[in-house]
Engineer: 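Before we start, here is the structure in question, set down as structure tokens.
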Amino acid sequence: MDSKLDKGYEPHDVEAHWYAFWESEGLFAAKEEGGDDTYSIVIPPPNVTGVLHMGHALNVTLQDILCRYRRSKGDNVLWMPGTDHAGIATQNVVERQLASEGTDRHQVGREAFIERVWEWRKQYGGAIINQLKRLGASCDWDRERFTMDEGLSRAVRKVFVDLYDQGLIYRGDYIINWCPRCHTALADLEVEHEQTDGKLYQILYPFVDQEGGLIVATTRPETMLGDTAVAINPKDERYEDLTAEKVMLPIMNREIPIVKDSYVDLKFGTGALKVTPAHDVNDFEIGLRHDLPRVKVIGEDGCMTAEAGEFEGMDRFECRKAIVAKLDEMGLLKKVEPHDHGVGQCYRCKTTVEPNLSKQWFVKAGPLAEKAIKAVESKKTRIVPEVWEKTYFEWLYNIRDWCISRQIWWGHRIPAWTCQDCGEVMVRLEDPEKCPCGSANLQQESDVLDTWFSSALWPFSTMGWPDQTELLKAYYPTSVLITGFDILFFWVARMMMMGLQFMDEVPFKDVYIHALVRDENGEKMSKSKGNVIDPLEVIESQGTDAFRFTLASFAAMGRDIKLSVKRIEGYRHFINKIWNAARFTLTNVENNPDAAAKASKSTAIPDRWILSRLNQVILQVEADLEAYQFSSAANILYKFMWHEFCDWYLEAIKPILYREGAEEERNATVATLQRVLNDALVLLHPFIPFVTEEIWHHMPGAEGSIMKAPYPAAVDEAVGLGPDKDAEKEMELVMAAVTAVRNIRGEMNIPPNQALAAIIEPTDDFAKEALARESGLVSNLARLSSLEVGGKRPKGAATAVVDGASVYVLLEGVIDLDKEEARLEKEIAKLTKELVKLDKKLNNEDFLAKAPDNVVEKVRGQQAEMTEKREHLESNLEKVREIHGDQG
RNA sequence: GGGCGGGUAGCUCAGUUGGGAGAGCACCGGCCUUACAAGCCGGGGGUCACAGGUUCAAGCCCUGUUCCGCCUACCA
């Protein structure tokens with residue numbers, strides 16, 4: 001072991017080295033059989049096509065913090081990793097590859113295409129996993145899963161068959177969202193609505209056997225070719241006297257009925273609605289109610305079908321122009337006005353989605369949603385922060401059936417066969433060979449399932465379900481799911497539904513929803529704005545630990561995270577600070593090799609103080625992590641390490657460490673120093689695993705990985721670790737006195753190397769004794785050449801008042817009286833401002849009568865303290881003015 | 001249309017049962033003080049969006065106004 005640390009912390013090699021070490025030592029592995037205290041998390045599986053972005057980084061960092069923390073608490077932790085096969089996205093990637101080779105999937109054929117996808121996966125699919133490792137993720141990698149794995153596929157098939165048998169999956173002709181580019185149906189959730197400046201066209205549909213007609217309005221004129229009715233609201237007074245029953249559909253010259261339907265909005269347009277059951281969700285419903293024919297005029301390729309007559313083959317948007325021109329020519333286009341409306345886009349490729357009629361598979365969501373709602377209502381699953389519950393409920397209450405079939409090749413093929421002879425549909429766990437009718441002419445459904453269908457099973461499919469494995473017994477339900485709100489519906493709600501349906505138990509006890517770092521599609525970070533921050537670049541330049549600590553400190557924020565490199569740099573400095581504190585500590589430990597062995601409990605105030613502070617930090621970090629208060633925990637540690645341990649403690653103990661002789665005292669302090677750093681490293685490790693592991697191995701007596709070190713006990717009598725109010729009070733007085741002197745130095749522009757003499761005049765007994773005891777400490781920290789405790793105010797001194805004492809810094813001959821006068825006036829003004837507020841309170845009868853006693857007492861105390869302070873300052877100001885007067 | 005969140009220091013944001021307004025960065029001044037200049041010491045800076053209300057007491061609770069953002073939806 002080499003205890004010499006380099007001067008600055010260099011994360012690069014350290015990170016690679018320790019990550020490999022952890023893996024080779026098997027420190028991430030969960031015990032199969034679990035045990036009493038198990039803790040489990042399933043990772044939100046990133047897309048196999050994905051590259052690490054800020055969202056992953058935050059998400060994974062938080063999970064890693066919890067897992068490492070839980071291990072230190074002695075739990076048996078399972079963190080289940082894996083990736084998602086991302087049907088449409090992955091297929092798109094490989095299709096692009098084929099296109100660059102001048103071919104396409106249809107030429108290649110289904111089987112060969114799927115082969116290609118697997119090849120692609122083998123070659124590139126692990127990228128994101130390696131990127132997660134660079135973040136330090138302590139997943140149990142030996143258990144890594146993929147939604148297309150054999151085991152998971154078995155689970156998918158079982159779930160599909162069971163739901164079908166339970167009547168919760170059905171197939172039918174419905175309007176679905178169709179992406180003409182991806183050539184597949186999409187679930188409602190997969191459609192993004194983009195506000196678009198469109199046009200509203202008003203078109204006259206003439207009556208068949210009388211003059212006049214109805215004017216309908218539409219944003220998609222091309223769909224008129226498929227109109228099979230015009231609807232009006234039965235309550236519409238404008239049409240009370242309407243006798244016509246039919247209108248003539250222009251261009252197509254088709255007679256279509258006028259139907260009455262209360263869906264029609266009385267206030268919109270003319271109150272007459274063209275009905276296209278094959279290309280609009282609402283029209284589809286109206287069509288069902290009035291038994292209207294469905295004419296499909298737009299095909300799956302986004303071009304007009306034969307039903308569109310002369311427009312057959314034309315692109316849908318071209319057709320729109322042509323139709324508008326033609327109607328205008330015919331004099332039927334009555335009005336065109338600008339119209340802002342939401343246009344649906346495919347979430348994968350941004351192509352405008354076409355509502356289209358087709359045969360699809362659906363999950364009947366109602367019964368499943370009901371259970372999912374109840375589980376959260378009854379707090380079997382707790383959503384943190386609670387505000388998200390409302391969003392969750394809102395969606396589930398209004399849930400619609402889930403279209404799960406996709407017309408692509410990459411995914412779980414639907415286990416349904418149709419008999420080509422009798423038309424019988426068979427949904428089976430095992431591939432059927434024959435139809436009950438005797439025919440062997442069976443054809444399997446060509447559609448695959450929505451990727452989210454398989455990820456909905458993730459919490460139990462990854463643990464081996466449908467087999468009743470040890471893993472499931474030990475680790476299901478999982479302890480917590482950590483995720484962003486963007487997939488609350490896509491994923492969380494669906495996992496809840498499936499988990500409850502198939503495991504009869506919630507998939508996770510807690511759901512922690514964290515903020516989102518938006519990617520290139522987001523508002524805050526976008527490629528076009530050029531403000532995207534690549535996590536891997538951050539890791540390269542700042543180190544993983546600095547990055548992780550930044551993310552943890554961000555975790556309390558709201559919905560958006562704005563990450564600046566500046567901020568990360570700040571935390572890189574923090575990592576370096578810890579590093580140097582460790583260097584200092586280790587040097588002193590090395591200089592006193594027997595310290596630990598020979599030490600008795602330290603009686604020195606700095607030691608007692610830091611141990612008392614450590615006691616509180618241990619408790620606070622624990623409480624914060626239990627409550628998912630990541631940023632609070634991170635900030636507590638930051639403040640403790642930098643501003644208490646480094647700024648005060650290390651400086652305070654230097655005299656003890658450097659003093660000749662006094663070996664016993666020094667041993668006690670060195671032992672305390674070592675202990676505090678030791679415990680702090682363990683507390684910090686979940687946040688910054690690499691640097692803590694590196695330092696850990698330089699600590700004398702440390703064995704093995706810091707990952708195996710138990711979470712520090714808050715109290716340890718043997719070394720004096722525990723609450724120590726007396727020490728805190730005394731140390732606070734010391735710090736106040738030191739700060740007072742430094743303040744004078746600063747304000748009077750006196751360089752640190754100029755020796756100063758000071759006198760402290762205590763004003764109460766505690767301060768008198770304490771300052772007498774700690775005068776050496778004060779004079780050292782304040783860089784005083786001499787300090788007299790108990791003297792009176794000398795001439796030519798600058799003054800400061802702390803709680804319990806007046807501090808005089810002798811500046812005879814040096815003192816700038818103007819400056820000193822100004823300084824005191826400023827202090828007095830500050831105090832006066834505060835005192836006015838306090839006086840007002842204490843003069844208020846109501847406050848005295850109604851506020852709790854402890855609050856009144858507190859305010860009284862503050863008032864007394866500040867009044868005394870001000871009096872001292874005022875008398876000092878008087879004296880300064882006298883001298884000033886003498887001189888002037 | 002419905003719902004949700006936010007407006008706190010120049011910037012990015014904390015502030016969890018209402019009880020003396022915070023951090024980081026930036027800024028100003030002084031320092032190479034034997035762990036750290038990736039540092040040390042000191043300092044300035046806020047009518048907590050606006051207007052009311054409840055309360056002894058409001059950044060925090062209630063009402064309204066306004067600006068920004070997000071989610072969701074079947075007004076063509």
Side-chain angles (χ1 to χ4, degrees), chain A residues 5 7-9 188-189 193 200-201 216-220 223 231 263-270 272-276 280-286 339 341-342 355 385 387-388 390-391 394-395 398 400 485-486 488-489 516 518 522-524 546 550 553-554 556-564 566-567 569-588 627 629 631-632 635 638-639 646-647 650-651 654 658 739 742-753 783 834 837-838 841 844-852 854-856 858-859 862 866:
Chain A
L5 268 56
K7 191 166 180 188
Y9 177 60
D188 297 326
L189 268 181
H193 293 270
L200 189 66
Y201 303 89
V216 298
T218 181
T219 54
R220 295 187 298 152
T223 62
Y263 165 76
V264 181
D265 188 343
L266 291 166
K267 291 185 287 285
F268 192 90
T270 60
L273 170 71
K274 65 189 274 304
V275 182
T276 325
D280 184 280
V281 185
N282 303 301
D283 294 7
F284 178 81
E285 307 263 326
I286 295 172
H339 186 68
H341 64 134
V387 283
W388 289 106
K390 205 169 173 180
T391 312
E394 195 67 27
W395 187 71
N398 300 309
R400 296 165 64 190
F485 58 81
D486 54 332
L488 186 60
F489 307 141
L516 227 62
R518 300 193 172 276
E523 287 293 309
K524 293 290 190 277
T550 310
S553 77
F554 267 135
M557 293 187 186
R559 301 182 166 212
D560 291 340
I561 280 184
K562 277 186 222 165
L563 198 59
S564 70
K566 271 274 162 65
R567 183 98 186 234
E569 260 171 34
Y571 286 109
R572 191 185 84 219
H573 297 171
F574 176 56
I575 304 299
N576 195 53
K577 188 76 180 173
I578 294 171
W579 180 257
N580 276 293
R583 281 182 69 202
F584 175 83
T585 302
L586 290 167
T587 304
N588 283 288
Q629 304 273 358
S631 72
S632 175
N635 292 334
Y638 181 92
K639 199 178 158 203
C646 292
D647 287 352
L650 295 186
E651 296 306 323
K654 279 179 182 173
Y658 299 150
T739 302
R742 285 172 177 173
N743 176 281
I744 289 168
R745 224 186 246 282
E747 302 257 310
M748 309 295 271
N749 280 332
I750 301 160
N753 53 4
R783 298 179 165 276
E834 288 302 320
K837 276 193 216 167
L838 296 178
K841 267 191 185 177
N844 185 340
E845 301 268 333
D846 285 327
F847 174 71
L848 297 176
K850 292 177 184 168
N854 62 327
V855 172
V856 177
K858 204 170 148 192
V859 174
Q862 288 166 356
M866 286 191 190

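First the proteins, then the strands, lettered A, B, ... as listed; each starts at 1. Keep in mind the model is a prediction, meaning the values are calculated, not measured.
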Engineer: Between Asn753(A) and Lys390(A), name the one whose nearest nucleotide on RNA chain B is closer to the 5' end.
Structural biologist: Lys390(A)
Engineer: Between A76(B), G19(B), U72(B), spot the one nearest the side chain of Phe268(A), thanks.
Structural biologist: A76(B)
Engineer: Tell me whether the side-chain N/O atoms of Lys837(A) come closer than 4.0 Å to OP1 or OP2 in A21(B).
Structural biologist: yes
Engineer: Taking all non-hydrogen atoms of both residues, which atom of Thr218(A) and which atom of Lys274(A) are closest, and how far apart?
Structural biologist: CB-CD, 3.6 Å
Engineer: Give the nucleotide from the list A76(B), U16(B), G30(B) with an atom nearest to the side chain of His341(A).
Structural biologist: A76(B)
Engineer: In whole Å, measure the gap between the C1' atoms of G45(B) and A26(B) for me.
Structural biologist: 12 Å
Engineer: Below the 4.0 Å mark, does A35(B) have OP1 or OP2 next to a side-chain nitrogen or oxygen of Lys654(A)?
Structural biologist: yes
Engineer: Without swapping roles, check the side chain of Ser553(A) against the backbone of Thr550(A) for a donor-acceptor pair under 3.5 Å.
Structural biologist: yes
Engineer: When the distance from CZ of Arg567(A) to P of U12(B) is rounded to whole Å, what number comes out?
Structural biologist: 12 Å
Engineer: Hunt down any stem RNA chain B takes part in, defined as 3 or more consecutive Watson-Crick or G-U pairs whose two distances are each under 3.5 Å.
Structural biologist: B:1-7 with B:66-72, B:10-13 with B:22-25, B:27-31 with B:39-43, B:49-53 with B:61-65
Engineer: Any side-chain N or O of His339(A) less than 4.0 Å from the OP1 or OP2 oxygen of A76(B)?
Structural biologist: yes
Engineer: Using a heavy-atom cut-off of under 4.0 Å over every strand shown, decide if Arg745(A) touches base, sugar-phosphate, or nothing.
Structural biologist: nothing
Engineer: Tell me whether the side-chain N or O atoms of Gln629(A) pair up with the base of A14(B) as donor and acceptor below 3.5 Å, since no angle test is needed here.
Structural biologist: no
Engineer: Given that Leu273(A) and Tyr658(A) both sit by RNA chain B, which one's nearest nucleotide is further toward the 5' end?
Structural biologist: Tyr658(A)
Engineer: Looking at residues at least two apart in the chain, or sitting in another chain, which of them share a side-chain contact (heavy atoms from CB on, under 4.5 Å) with Thr739(A)?
Structural biologist: Trp648(A)
Engineer: Rounded to whole angstrom, note down the C1' distance from G46(B) over to A9(B).
Structural biologist: 5 Å
Engineer: Any protein N or O atoms within reach of nucleotides 37-39 of chain B? Criterion: under 3.5 Å, listing atom names and distances.
Structural biologist:
residue : atom : partner   : partner atom : Å
A38(B)  : O4'  : His573(A) : NE2          : 3.2
A38(B)  : O2'  : Asn576(A) : ND2          : 3.4
G39(B)  : OP1  : His573(A) : ND1          : 3.0
G39(B)  : O3'  : Lys577(A) : NZ           : 3.0

Engineer: Taking atom C1' of C4(B) as reference, at what distance in whole Å does atom CG of Leu488(A) sit?
Structural biologist: 12 Å
Engineer: Spell out protein contact along nucleotides 42-48 of chain B as letters: B when the base is contacted, S when just the sugar-phosphate is, - when no protein heavy atom is under 4.0 Å; keep the 5' to 3' order.
Structural biologist: SSS----
Engineer: For Phe485(A) and G69(B), what is the distance between atoms CZ and P respectively, to the nearest whole Å?
Structural biologist: 15 Å
Engineer: In whole Å, measure the gap between the C1' atoms of U55(B) and U12(B) for me.
Structural biologist: 34 Å
Engineer: If you look at every strand shown and take non-hydrogen atoms under 4.0 Å, does Tyr263(A) touch a base, only sugar-phosphate, or nothing?
Structural biologist: base
Engineer: Return the minimal non-hydrogen interatomic distance between Lys654(A) and Phe584(A), and the atom names on each side.
Structural biologist: CE-CE1, 3.6 Å
Engineer: Under 4.0 Å, counting only non-hydrogen atoms across every strand here, what does Leu650(A) touch: a base, just sugar-phosphate, or nothing?
Structural biologist: base
Engineer: Taking Thr276(A)'s backbone N and O only, do any of them form a donor-acceptor pair with Asp280(A)'s side chain (distance below 3.5 Å, no angle check)?
Structural biologist: no
Engineer: In whole angstrom, give me the gap between the P atoms of A21(B) and C48(B).
Structural biologist: 11 Å
Engineer: I need the OH-P distance between Tyr571(A) and C25(B), as an integer number of Å.
Structural biologist: 9 Å
Engineer: Think Arg583(A) forms a cation-pi with Tyr9(A), using NZ or CZ under 6.0 Å from the six-ring centre and within 45 degrees of its axis?
Structural biologist: no
Engineer: Any side-chain N or O of Arg400(A) less than 4.0 Å from the OP1 or OP2 oxygen of C74(B)?
Structural biologist: yes
Engineer: Looking for any heavy atom pair under 4.0 Å, which part of the strands does Val264(A) touch: base, sugar-phosphate only, or nothing?
Structural biologist: base
Engineer: Please check this pair: side chain of Asn576(A) against backbone of Arg572(A), looking for a donor-acceptor N/O pair closer than 3.5 Å.
Structural biologist: no
Engineer: Within this structure, what is the CH2-to-P distance between Trp395(A) and U72(B), rounded to whole angstrom?
Structural biologist: 10 Å
Engineer: Mind checking Val281(A) for me? I need base, sugar-phosphate or nothing, with any heavy atom below 4.0 Å counting as a touch.
Structural biologist: nothing
Engineer: Measure up the Phe574(A) and Tyr571(A) rings against each other and bin them: parallel (under 30°), tilted (30 to 60°), perpendicular (over 60°).
Structural biologist: perpendicular
Engineer: With Asp188(A), which residues qualify under salt bridge (Lys or Arg N to Asp or Glu O under 4.0 Å), at least two apart?
Structural biologist: Arg400(A)
Engineer: Taking only residues two or more places apart in sequence or in another chain, which ones pass side-chain contact (heavy atoms from CB on, under 4.5 Å) with Arg783(A)?
Structural biologist: Arg745(A), Pro752(A)
Engineer: In whole angstrom, give me the gap between the C1' atoms of C62(B) and G2(B).
Structural biologist: 23 Å
Engineer: Of the candidate nucleotides A35(B), A76(B), A73(B), which contains the atom at the shortest distance from the side chain of Ala581(A)?
Structural biologist: A35(B)
Engineer: What interatomic distance, in whole Å, is found between P of G59(B) and the corresponding atom of G53(B)?
Structural biologist: 15 Å
Engineer: Do any side-chain nitrogens or oxygens of Lys274(A) fall under 4.0 Å of OP1 or OP2 in A76(B)?
Structural biologist: no
Engineer: Asn844(A) has a side chain; which of C36(B), C56(B), A76(B) sits nearest to it?
Structural biologist: C56(B)
Engineer: May I ask you to say what Glu651(A) touches in the nucleic acid, namely base, sugar-phosphate or nothing, with a heavy-atom cut-off under 4.0 Å?
Structural biologist: base
